[in-house]
Amino acid sequence: MLNIQEVLRLLKCFPNSFVNTNGDFIVSLKTQSYFILNNCSSLLELQCKVLNYLSRDATKAIPYSRESNNIQYRNSILKGINTFLGTSFTTEEMMKIYTKLGGGIKEDLTKRFIESNYDLSLLE
């Protein structure tokens, strides 16, 4: 079962995020970025969801009409991911992660990537 402390830590990494009554982790109402939280049974599953479902926002999201606001939003998501995972991914590295793992297209690879301490060579 997922530890409530991990959920609280996740919320702290993404300012203005919240969990709704359906158990969805909502990153931003503006972008409608979210993932289902209540079916995560472990920290590893939560880490997978963070990479699978937030890597796009960290690299490609365009929710605002002004590009400077889009850059600020993408950077805040990247910072939140890095803070939660204890990593220091660059935008370019996150783009590789999104391309290879985004949307949960390769769940086994996502788990191996996390368990390898984020060895980017696995994504080559």
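Quantities reported herein were computed from a predicted structural model and do not represent experimental measurements. Quick note: residue numbers are just sequence positions, from 1.
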Item to check | For Y73, all residues meeting ring-ring contact (aromatic ring centres under 6.0 Å, His included), sequence neighbours excluded | outcome: none
Item to check | Sequence-distant partners of K96, side-chain hydrogen bond (donor to acceptor under 3.5 Å, both in side chains), two or more places apart | outcome: E124
Checklist entry - Could E115 and R112 be called an ion pair, given the rule that one side-chain N must be under 4.0 Å from one carboxylate O? => result no
Next on the checklist: Test question: given the 4.5 Å side-chain rule for I, L, V, M, F, W and Y, name all other residues clustered with Y98, or answer none.
Outcome noted: M95
Next on the checklist: I'd like to check the side-chain contact (heavy atoms from CB on, under 4.5 Å) partners of K111; sequence neighbours left out, ordered by chain and number.
Outcome noted: L44, C48, E107
Checklist outcome for this item: Across all chains, not counting sequence neighbours, the side-chain hydrogen bond (donor to acceptor under 3.5 Å, both in side chains) partners of D119 are S121
Checklist outcome for this item: With sequence neighbours left out, the residues meeting side-chain contact (heavy atoms from CB on, under 4.5 Å) with I62 are N70, R74
Checklist entry - For F89, which residues count as a ring-ring contact (aromatic ring centres under 6.0 Å, His included) partner, sequence neighbours excluded? => result Y118
Checklist entry - What pairs meet the ring pair (Phe, Tyr, Trp, His ring centres under 6.0 Å) rule with one or both residues in residues 43-72, with sequence neighbours excluded? => result none
Checklist entry - If you link I, L, V, M, F, W and Y whenever their side-chain heavy atoms are under 4.5 Å apart, who else ends up in the same group as I36? => result none
Expected list for residues 19-29: side-chain donor-acceptor pairs under 3.5 angstrom, two or more places apart:
from: N20; atom 1: OD1; to: N22; atom 2: N; distance (Å): 2.9
from: N20; atom 1: OD1; to: G23; atom 2: N; distance (Å): 3.2
from: N20; atom 1: OD1; to: D24; atom 2: N; distance (Å): 2.9
from: N20; atom 1: ND2; to: D24; atom 2: OD2; distance (Å): 3.3
from: S28; atom 1: OG; to: K30; atom 2: N; distance (Å): 3.2
from: S28; atom 1: OG; to: T31; atom 2: N; distance (Å): 3.2
from: S28; atom 1: OG; to: T31; atom 2: OG1; distance (Å): 3.4

Next on the checklist: Restricting to side-chain hydrogen bond (donor to acceptor under 3.5 Å, both in side chains), what partner residues turn up for N3, sequence neighbours left out?
Outcome noted: none
Next on the checklist: Applying side-chain hydrogen bond (donor to acceptor under 3.5 Å, both in side chains), can you list everything that pairs with S55, at least two apart in sequence or on another chain?
Outcome noted: none
